[in-house]
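Working notes, beginning with the structure itself.
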Amino acid sequence: MTIAPAVRGLPGTDRRTRRTPNLARALSGTALRTPDATGLVFRGLRWSWGELDRRVDALASALQHQGVRPGSVVLTHSPNCPDLLTVMYAVWRVGAVWAPTNFRLDVDDVVGLARHIEPALFICHSDFSAYAEALAAVPTWPLGDDPRPDRAAAGGEVARLIAEHDGRSPDGYVPRVDDPAWLFFTSGSSRTPKAAVLTHDQMQFVVTNHLADLMPGLRADDSTLVVAPLSHGAGIHVTTHVARGARIVLMPEQRLDPATAWQLVEQERVSTMFTVPTILNRLAQDDSAHAFDRSSLRYVVYAGAPITAKDLARDLDVLGPVLVQYYGLGEVTGNITVLPTWMHESLPVPGEIPPAGFERTGMQVSIQDEDGNELPPGDRGEICVCGPAVFAGYYANPATNAKAFRDGWFRTGDLGYLDDRGLLYITGRTPTCTSQAAPTSTRGRWRRSC
């Protein structure tokens with residue numbers, strides 16, 4: 001019997017030459033379908049999807065006028081505010097790379113990140129003027145909470161530029177496969193922040209996967225309350241709602257107030273939230289949780305840290321069958337496992353480890369020993385993963401990339417085991433950690449080093 005040779009590739013199908021949709025296209029599509037529907041709510045402000053898309057076009061035009069081009073890195077330091085979403089989608093629309101920081105970082109930390117990624121532009125909230133002063137060598141646009149053009153002091157340069165370029169359309173950018181979209185800052189166990197490169201095509205899979213596994217059936221009449229920073233997991237969560245045209249509600253203040261959150265859930269008929277266990281516990285275990293109508297809630301997603309069986313039982317008792325857990329590092333954009341609403345019915349007894357769920361659609365988990373051998377169910381080892389949600393690598397950090405991947409598997413650095421049903425249990429971290437290699441100079445533009 002003759003066996004045909006394996007097909008490794010076909011002529012003319014070089015992956016690097018293929019196009020992929022721009023992440024900002026999802027906003028354009030939503031604005032086209034439902035231009036007058038409310039897209040964003042913040043304090044007394046209510047933007048339609050058409051208004052938000054027009055603002056993104058205007059700011060994207062301003063970015064191009066500034067000289068921001070495909071591959072340019074735009075560092076952003078800001079708490080949640082309406083035009084932070086405008087910045088996110090405008091940067092993507094012109095093919096630049098969004099690099100948002102955690103706004104709680106110290107000035108020296110942000111300066112260190114800037115040295116590593118060498119941004120072409122720094123967009124900084126006006127409440128953090130010391131950060132702009134520390135990065136005075138980088139062109140800087142202040143950003144504010146009040147986006148009205150007649151409130152320049154509150155809205156900052158971003159609001160002024162949007163008003164100045166209103167009605168203009170930028171030169172659109174259709175990325176190629178593997179073109180970067182987001183530098184996602186993560187420290188892992190090393191305590192040295194690294195920039196995970198998230199690409200347009202990878203993020204398209206992540207959005208689709210979130211819709212399939214975390215919030216199936218999400219529709220345009222849904223809405224989400226943003227209670228965590230958009231710079232990380234909450235920003236990923238919001239992209240799914242933009243894609244579906246589901247309303248985005250921002251908290252009116254930086255500080256989380258459970259009573260205000262529950263009041264907004266009632267007023268805006270909020271159906272989804274992204275949280276971390278500390279936020280989830282504060283919301284569910286506050287007395288105000290019983291003072292407002294929460295019947296609109298369908299999915300309360302939590303991730304990012306372990307949760308005790310005791311807290312999980314309390315939260316479920318208050319909120320009902322709406323909890324969804326996922327496990328996934330920034331490098332895999334949250335896409336490793338999921339514990340859906342219906343699997344929260346069988347909680348572990350106190351003292352047992354709650355499961356992290358089963359493999360996300362399109363992803364594969366492998367528990368491996370120190371030599372990379374796969375271990376059987378019940379044996380503890382390093383959690384490794386492969387699939388379309390895995391990032392491209394760390395920005396300008398080849399030494400760390402070499403340690404992070406083995407035989408094509410991304411090594412999470414987490415320890416755990418799979419049971420006979422394929423449920424993952426996380427038990428700790430590996431004892432080793434990696435440090436950042438010296439960055440390769442890029443002069444504010446992307447260069448692959450992974």
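Put simply, the side chain of Asp179 gets close to the backbone of Arg176: a donor and an acceptor are under 3.5 Å apart. Using a distance-only test at 3.5 Å, with no hydrogens or angles considered, no donor-acceptor pair links the side chain of Thr30 to the main chain of Leu27. In terms of modelled atom types and a separation under 3.5 Å, the side chain of His200 and the main chain of Leu23 share a donor-acceptor contact. Arg18 places no side-chain N or O within 3.5 Å of a backbone atom of Val177 that could act as its donor or acceptor partner. A donor-acceptor pair under 3.5 Å is formed between the side chain of Asp201 and the backbone N or O of Asp178. His116 contributes no side-chain N or O that, together with a main-chain N or O of Gly112, makes up a donor-acceptor pair within less than 3.5 Å. Listed for the Glu382 side chain is no donor-acceptor partner under 3.5 Å among the backbone atoms of Leu415. Listed for the Glu359 side chain is no donor-acceptor partner under 3.5 Å among the backbone atoms of Thr337. No donor-acceptor pair closer than 3.5 Å links the side chain of Asp106 to the backbone N or O of Asp108. Side chain of Thr140 to backbone of Val138: a donor-acceptor contact under 3.5 angstrom is found.
Other residues, nucleotides and ligands contribute at most 12 non-hydrogen atoms within 6.0 Å of the CZ atom of Arg25. Atom CZ of Arg244 sits in a sparse spot, with 12 or fewer heavy atoms from other residues, nucleotides or ligands closer than 6.0 Å.
For the side chain to side chain contact (heavy atoms under 4.5 Å, CB included) with Val74, the lone residue among Val94, Leu183, Val68, Ile117 that qualifies is Val68. Exactly one of Leu323, Asp311, Val227 qualifies for a side chain to side chain contact (heavy atoms under 4.5 Å, CB included) with Leu280. That residue is Leu323. Here the rule is ring-ring contact (aromatic ring centres under 6.0 Å, His included) with Phe391, and of Trp182, Phe405, Phe184 only Phe405 fits it.
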Might you work through the side-chain contact (heavy atoms from CB on, under 4.5 Å) test for Leu225 and Met251, ending with a clear yes or no?
CA-CA 7 Å; Leu225 178 63; Met251 290 288 291; 3.9 Å; yes

Take Val270 and Leu297 through the test side-chain contact (heavy atoms from CB on, under 4.5 Å) and record every step on the way to the result.
CA-CA 6 Å; Val270 168; Leu297 279 179; 4.3 Å; yes

Chi angles and distances behind the salt bridge (Lys or Arg N to Asp or Glu O under 4.0 Å) call for Asp146, Arg43:
CA-CA 10 Å; Asp146 193 333; Arg43 297 174 184 167; over 6 Å; no

With side-chain contact (heavy atoms from CB on, under 4.5 Å) as the criterion, how do Leu329 and Ile336 come out once you've worked through the C-alpha distance, each side chain's angles and the decisive distance to 0.1 Å?
CA-CA 8 Å; Leu329 290 70; Ile336 297 181; 4.1 Å; yes

How far apart are the C-alpha atoms of Ser78 and Phe103, what are their side-chain angles, what is the distance that settles it, and do they pass the side-chain contact (heavy atoms from CB on, under 4.5 Å) test?
CA-CA 5 Å; Ser78 173; Phe103 76 93; 5.8 Å; no

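With 3.5 Å as the limit, one finds no donor-acceptor pair spanning the side chains of Thr20 and Gln204. Side chains of Arg93 and Ser28: a donor-acceptor N/O pair is present below 3.5 angstrom, by distance only. Judged by distance alone, the side chains of Asp315 and Gln285 do bring a donor and an acceptor atom under 3.5 Å apart. Judged by distance alone, the side chains of Asp57 and His165 never bring a donor and an acceptor atom under 3.5 Å apart. Side-chain polar atoms of Thr239 and His210 form no donor-acceptor pair below 3.5 angstrom. Between the side chains of Ser295 and Asp293, at least one donor-acceptor pair of N or O atoms lies under 3.5 Å.
In this structure, Thr260 and Pro252 have side chains that are in contact, with non-hydrogen atoms separated by less than 4.5 Å. Proximity of Arg54 to Asp166: side-chain heavy atoms (C-beta onward) are separated by under 4.5 Å at one or more points. Contact of the Ile123 side chain with the Trp141 side chain is registered, since non-hydrogen atoms from C-beta on lie closer than 4.5 Å. The shortest distance between side-chain heavy atoms of Val265 and Ser296 falls below 4.5 Å. The shortest distance between side-chain heavy atoms of Tyr131 and Leu75 does not fall below 4.5 Å. The shortest distance between side-chain heavy atoms of Tyr326 and Asp213 does not fall below 4.5 Å. Between Tyr327 and Val385 there is no side-chain heavy-atom pair separated by less than 4.5 Å. Side-chain contact check for Leu283 versus Leu256: some heavy-atom pair is nearer than 4.5 Å.
Under a 4.0 Å N-O distance rule, the pair Glu157/Arg160 qualifies as a salt bridge. The pair Arg247-Asp222 does not meet the salt-bridge criterion, since no charged nitrogen lies less than 4.0 angstrom from a carboxylate oxygen.
The minimum heavy-atom distance linking Val97 with Gly71 is given by the pair CG2-O, 4.0 Å. Between Ala243 and Val207, the closest heavy-atom pair is CB-CG1, 4.1 Å. Between Met363 and Gly387 the shortest heavy-atom distance is SD-CA, 3.6 Å. Minimum heavy-atom separation, Phe42 to Pro82: CD2-CG, 3.4 Å. Nearest heavy-atom pair, Pro340 versus Val324, reported as atom, atom and distance to 0.1 Å: CA-CG1, 4.4 Å. When all heavy atoms are compared, the tightest approach of Thr333 to Asn335 is O-ND2, 2.9 Å.
Between atom CD1 of residue Ile367 and atom CG of residue Leu418 there is a gap of 4.5 Å, rounded to the nearest 0.5 Å. Remark: Ser231 OG to Met88 CE distance equals 9.0 Å, nearest 0.5 Å. The structure places CZ of Arg269 at 11.0 Å from CG of Asp221, a figure rounded to the nearest 0.5 Å. Taking OG1 from Thr38 and CG from Leu45, the interatomic distance works out to 10.0 Å, rounded to the nearest 0.5 Å. One distance of note links CG of Leu250 with CG of Leu40; it measures 5.0 Å at 0.5 Å rounding. Interatomic distance, CG of Asp83 versus CG of Leu52, reported as 8.5 Å (0.5 Å rounding).
Residue pairs meeting the ring-ring contact (aromatic ring centres under 6.0 Å, His included) criterion with at least one partner in residues 274-320, sequence neighbours excluded, are Tyr302-His344.
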